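Throughout, numbering of the chain's residues begins at 1 and tracks the sequence. Keep in mind it's a predicted model, so treat the numbers as computed, not measured. Note that these values count all heavy atoms, side chains included, but never hydrogens, waters or copies made by symmetry.
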Amino acid sequence: QVQLVESGGGLVQAGGSLRLSCVASGGTFSSYTMGWFRQAPGKEREFVARISWSNFRTRYGDSVKGRFTISRDNAKNTVNLQMNNLKPEDTAVYYCAARHSSSRSAEYAYWGQGTQVTVSS
């Protein structure tokens, strides 16, 4: 069972930056594709970014391309999300998620509790 704990959320003005971190425990971190998702009030959960377990290939949602960067440190069991040029529409609860390399499903099996990001205009 993998446990994920996010940190780094907070309140920031538009145009500012935040760095989210997610620490994993209970599994072999290097075997998991890691993702970030977000959910704003009244909206569906949205894909933000992911980084693969094998070659660190990254993929981003259209709304964050060029502003957000996902990275991972397998030695520290950590995945990070650097968020620059934040906009009020980035306000949401951000969730870290993990999907094992052997999974036949595209769904993420493990989720963190979320961290709030609020961007003021």
Side-chain angles (χ1 to χ4, degrees):
Q1 189 76 9
V2 175
Q3 292 83 44
L4 304 172
V5 179
E6 304 98 333
S7 62
L11 173 64
V12 64
Q13 288 188 334
S17 298
L18 281 175
R19 183 179 177 86
L20 304 184
S21 294
C22 171
V23 178
S25 61
T28 304
F29 182 73
S30 59
S31 297
Y32 289 84
T33 288
M34 300 300 297
W36 285 97
F37 294 78
R38 67 187 182 186
Q39 189 166 21
K43 295 187 177 181
E44 293 187 354
R45 187 172 61 198
E46 177 187 11
F47 167 74
V48 175
R50 74 165 188 241
I51 185 166
S52 69
W53 65 277
S54 57
N55 54 12
F56 288 22
R57 182 179 300 174
T58 59
R59 183 173 180 179
Y60 297 91
D62 289 342
S63 60
V64 307
K65 282 180 182 178
R67 300 188 298 122
F68 290 12
T69 302
I70 189 171
S71 62
R72 65 189 296 161
D73 185 339
N74 285 351
K76 297 181 178 180
N77 289 0
T78 299
V79 59
N80 300 304
L81 185 69
Q82 178 66 41
M83 306 185 295
N84 297 329
N85 190 22
L86 283 161
K87 304 176 181 180
E89 51 264 41
D90 294 318
T91 295
V93 178
Y94 283 71
Y95 296 92
C96 174
R99 184 179 74 214
H100 195 268
S101 58
S102 65
S103 175
R104 297 182 179 180
S105 170
E107 297 295 321
Y108 287 75
Y110 305 101
W111 294 82
Q113 83 287 351
T115 186
Q116 176 71 46
V117 171
T118 303
V119 184
S120 63
S121 58

Between Asp62 and Lys65, does any NZ, NE, NH1 or NH2 come within less than 4.0 Å of an OD or OE carboxylate oxygen? yes
[X] side-chain N/O to [Y] backbone N/O, donor-acceptor pair under 3.5 Å:
X      : Y     : result
Ser21  : Ser7  : no
Arg19  : Gly8  : no
Tyr108 : Thr33 : no
Arg50  : Ala97 : no
Arg67  : Asn85 : yes

Which atom of [X] lies closest to which atom of [Y], heavy atoms considered:
X      : Y      : result
Ala14  : Ser121 : CB-CA, 4.4 Å
Thr69  : Tyr60  : CA-OH, 3.4 Å
Phe29  : Ala24  : CD1-CB, 3.5 Å
Leu4   : Cys22  : CB-SG, 3.9 Å
Ser105 : Glu107 : OG-N, 2.9 Å
Gln116 : Ala92  : NE2-O, 3.4 Å

Hydrophobic clusters here meaning ILVMFWY residues chained together by side-chain heavy-atom distances under 4.5 Å, can you tell me if Tyr95 and Val79 are in one? no
Is there a path from Met34 to Phe37 through hydrophobic residues (I, L, V, M, F, W, Y) whose side chains come within less than 4.5 Å of each other? no
Quick one: pull up [atom1] in [X] and [atom2] in [Y] and give me the separation to the nearest 0.5 Å.
X      : Y     : atom1 : atom2 : result
Thr115 : Leu81 : OG1   : CG    : 11.0 Å
Arg38  : Thr91 : CZ    : OG1   : 9.0 Å
Met83  : Tyr94 : CE    : OH    : 5.5 Å
Ile70  : Phe56 : CD1   : CZ    : 11.0 Å
Trp53  : Arg99 : CH2   : CZ    : 11.5 Å
Asn77  : Thr28 : CG    : OG1   : 9.0 Å

Aromatic plane relationship, Tyr32 with Tyr110 - under 30° parallel, 30 to 60° tilted, over 60° perpendicular: perpendicular
Do Gln82 and Asn84 meet the criterion of a side-chain donor-acceptor pair at a distance under 3.5 Å? yes
CA sep, side-chain torsions, deciding dist, call: Glu6, Leu20, side-chain contact (heavy atoms from CB on, under 4.5 Å): CA-CA 7 Å; Glu6 304 98 333; Leu20 304 184; over 6 Å; no
Within 6.0 angstrom of Arg59 CZ, more than 12 heavy atoms from elsewhere: no
Apply side-chain contact (heavy atoms from CB on, under 4.5 Å) to residues Trp36 and Cys96 and explain how you reach the verdict. CA-CA 5 Å; Trp36 285 97; Cys96 174; 4.0 Å; yes
